[in-house]
Amino acid sequence: MKKYSLLLVLMLALSVFLTACYGGDNADEGSDDASGDDNAAEETESDAPQELRVIETSAIPSMDTMLASDTISFTTMNNVMEGLFRLNADQEAVPALADGEPEVNEDGTVYTFTIKEDAVWSNGEPVTADDFVFAWQRALDPDGGSSYGPYLMEGKISGASEVFNDGADPSELGAVAVDEKTLEVTLEKPISYFTSLMAFPTFYPQNQAFVEEQGEDFATNAATILYNGPFVLDNWDGSTDGEWTYAKNEEYWDAENVSLEKVTFNEVKDPQTAVNSYESGEVDITSKLSSALVPQYEGDPNLVTWLEPTIFWVKMNQTNEALQNVNIRKALAMSIDKQALTDNILNNGSIPANYAVPKEFVTNPDTDEDFREANGDMLEYDLEAAKEFWATGLEELGTDTVELRYLGGDTDTAKLTDEYIAEQLETNLEGLTINLESVPFSVRLERDETLDYDLQFAGWGPDYLDPISFSDLWITDGGNNNMAFSSEEYDKLLKDAESTYANDPAQRFEALQEAERVLLEDEAAIIPIYQRQANILVSDKVSDFTYHFVGPEYSFFPISISE
């Protein structure tokens with residue numbers, strides 16, 4: 001393949017975005033009360049119009065909580081709808097429609113939620129326990145087309161698998177309306193992060209009478225949706241609409257703590273155009289900056305940055321004989337200079353990842369120590385060790401050459417990253433040939449499912465605040481494994497974490513840390529590459545801008561505008 005010039009990369013302007021969803025290219029391809037903490041807006045005394053202007057990179061694909069599977073849809077739902085819990089500015093799950101914390105039985109498998117008396121839909125009807133039961137059953141309809149319903153409920157909520165897979169009656173789902181304002185949820189096993197799950201839009205309620213009245217038109221435009229959140233959609237005309245607005249929902253139970261009267265969104269795909277609009281004062285919040293634009297705003301007080309719990313890695317398909325050899329896998333994993341990649345190609349604050357569970361994501365429930373503290377770095381760049389593993393692996397395979405197909409993306413930034421990684425592998429490991437195949441994202445997803453690759457660049461952003469959101473990717477025959485990796489020891493550690501230690505949070509946490517060591521130190525199952533940093537511009541007129549690590553990306557309702 002063509003050799004890669006790092007100097008050339010430094011001269012190229014990157015003008016595409018990074019993503020936050022599974023399999024996405026690294027380029028442009030998903031207090032005790034919510035009103036009593038830092039996530040809630042204080043009433044403003046400013047005379048400035050309480051109107052916010054925001055840029056997004058795409059239109060809203062779906063406003064049906066059953067069907068949505070992308071970040072922009074989830075973010076919109078988070079602001080115009082609400083579930084039992086929501087995330088605050090400290091990334092904590094706090095009660096929203098739930099009237100305080102739920103009652104939990106002794107073994108942690110039955111949760112009883114009381115719904116706020118003053119929680120109502122935008123048509124004036126009360127939000128009831130039946131609304132949750134209906135929405136969750138609908139998300140498990142085998143013919144309904146929901147991807148997140150089965151993913152988030154199977155193995156967690158009692159009866160979910162039987163309803164989705166075996167044709168059981170929807171009433172078999174462990175979600176029961178005890179009375180109008182009391183919801184009882186039965187789990188298959190204790191789940192320490194269950195209230196975090198309740199903040200995810202798939203678990204939001206739906207008004208059955210309204211959904212059935214709308215029929216196929218439900219959630220296709222602003223008029224065919226009911227709202228129970230801080231805002232309502234004002235003029236959204238459907239999934240192709242490049243401009244939409246929020247209006248304050250005066251019926252919202254906590255409306256007095258929502259300052260904004262209007263939020264206007266415009267779809268702008270080009271990052272330079274987005275920045276130009278910001279600089280001219282036409283918008284208050286940009287979409288995420290491309291790598292090429294980040295350096296020019298270094299030190300700018302209006303540049304808001306955070307390390308996302310999103311990791312990109314190279315998957316190794318173990319149906320390939322060479323990749324079945326652990327020494328070959330370790331050699332590949334340790335022969336890539338990740339620091340040069342993040343410094344010179346990404347150049348946006350992203351950091352090398354020598355791990356499978358991100359930094360600054362979750363902490364030990366006993367010690368409050370970050371997940372990374374105990375495990376540290378693994379599979380670090382070490383060229384001497386990589387060459388030794390390579391030589392041993394080749395000897396065990398009885399060959400002096402290996403040829404591998406590398407499946408990458410077709411965007412400019414993806415190509416630069418993939419070419420860099422492929423060049424590192426070929427240059428540092430004698431006898432290795434990499435055939436780089438750059439394909440559209442949809443094609444790569446198809447080939448991932450059929451294991452039609454040897455090496456593949458991919459990534460993952462979590463859906464809830466728990467390390468298992470990463471750990472269960474690699475269980476044997478798991479739905480996201482798709483690389484023929486299997487380890488009895490790894491599977492046992494995950495089973496122990498979710499059953500034996502289900503009621504011992506600290507021991508469970510340590511089991512998941514041990515599982516990561518097996519995955520990387522022992523098996524070298526994947527090649528972690530980098531953890532992504534987000535960078536956006538927020539006007540100094542904007543107070544209490546709030547972002548989230550999982551699920552919906554932003555909460556706009558805490559924001560107020562000053563002069």
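On a predicted model such as this, the values are computed, not experimentally measured, just so you know.
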*Sorted by first residue and then second, give each ring-ring contact (aromatic ring centres under 6.0 Å, His included) pair with at least one member in residues 259-307; sequence neighbours left out.*
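Passing the test, one end in residues 259-307: Trp244-Phe265, Tyr246-Phe265, Phe265-Phe556, Trp306-Tyr547.
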
So, the side chain of [X] versus the backbone of [Y]: is there a donor-acceptor pair under 3.5 Å, distance only?
X      : Y      : answer
Thr75  : Pro552 : no
Ser469 : Asp463 : yes
Asn364 : Asp368 : no
Asn375 : Gln513 : yes
Thr65  : Thr202 : no
Lys181 : Ala129 : no
Arg53  : Gly281 : yes
Gln531 : Glu308 : yes
Asn235 : Thr245 : yes
Ser259 : Ser560 : no

*side chain to side chain donor-acceptor pair (under 3.5 Å) with Gln206: which of Asn228, Asp64, Asp131?*
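Only one option passes, and that is Asp64.
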
Mind checking what makes ring pair (Phe, Tyr, Trp, His ring centres under 6.0 Å) contact with [X], not counting sequence neighbours?
X      : result
Phe203 : Trp136
Phe218 : none
Phe134 : none

*For the pair Ile72 and Thr57, evaluate side-chain contact (heavy atoms from CB on, under 4.5 Å) and give the outcome as yes or no after the intermediate values.*
CA-CA 9 Å; Ile72 290 177; Thr57 56; 4.1 Å; yes

May I ask you to check whether over 12 heavy atoms, not counting those of [X], lie within 6.0 Å of atom [atom1]?
X      : atom1 : answer
Glu51  : CD    : yes
Gln296 : CD    : yes
Lys262 : NZ    : no

*asked:* Taking ring pair (Phe, Tyr, Trp, His ring centres under 6.0 Å) as the criterion, tell me which of Phe470, Trp460, Phe371 meets it with Phe361.
replied: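 Among Phe470, Trp460, Phe371, the one meeting ring pair (Phe, Tyr, Trp, His ring centres under 6.0 Å) with Phe361 is Phe470.
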
What I want to find out is whether [X] reaches [Y] closely enough, with some N-O distance under 4.0 Å, to be called a salt bridge.
X      : Y      : answer
Asp284 : Lys541 : yes
Arg372 : Glu516 : yes
Glu154 : Lys156 : no

*For Ile468, enumerate each residue passing the side-chain contact (heavy atoms from CB on, under 4.5 Å) test, keeping only those at least two apart in sequence or located in another chain.*
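With sequence neighbours excluded, Ile468 shows a side-chain contact (heavy atoms from CB on, under 4.5 Å) to Tyr193, Tyr464, Asp466, Ser471, Asp472, Leu494, Glu498, Arg508, Leu512, given in chain and number order.
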
*State which residues pass side-chain contact (heavy atoms from CB on, under 4.5 Å) with Ser239; sequence neighbours excluded, sorted by chain then number.*
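side-chain contact (heavy atoms from CB on, under 4.5 Å) list for Ser239, sorted by chain: empty.
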
*Under the criterion side-chain contact (heavy atoms from CB on, under 4.5 Å), which of Ile285, Asn78, Ile536 is the partner of Tyr554?*
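Running side-chain contact (heavy atoms from CB on, under 4.5 Å) over Ile285, Asn78, Ile536 with Tyr554 returns exactly one hit, Ile536.
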
_Aromatic centroids of Tyr252 and Phe557 separated by under 6.0 Å_ =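 Aromatic pair excluded; centres sit 6.0 Å or further apart.
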
*Centroid-to-centroid, Trp313 to Trp474, below 6.0 Å?*
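Ring-ring flag for Trp313/Trp474: true, centres closer than 6.0 Å.
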
*asked:* For Asp179 and Thr182: C-alpha separation, side-chain torsions, deciding distance, then whether side-chain hydrogen bond (donor to acceptor under 3.5 Å, both in side chains) applies.
replied: CA-CA 5 Å; Asp179 55 42; Thr182 306; 2.7 Å; yes

*May I have the step-by-step check of side-chain contact (heavy atoms from CB on, under 4.5 Å) for Met66 and Ser146, ending in yes or no?*
CA-CA 6 Å; Met66 179 188 77; Ser146 175; 3.5 Å; yes

*Applying side-chain hydrogen bond (donor to acceptor under 3.5 Å, both in side chains), run through Asp141 and Gln137 and close with a yes or a no.*
CA-CA 7 Å; Asp141 181 350; Gln137 290 180 355; over 6 Å; no

*Parallel, tilted or perpendicular: which fits the ring planes of Phe194 and Phe113, with parallel below 30° and perpendicular above 60°?*
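Ring orientation of Phe194 relative to Phe113: tilted.
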
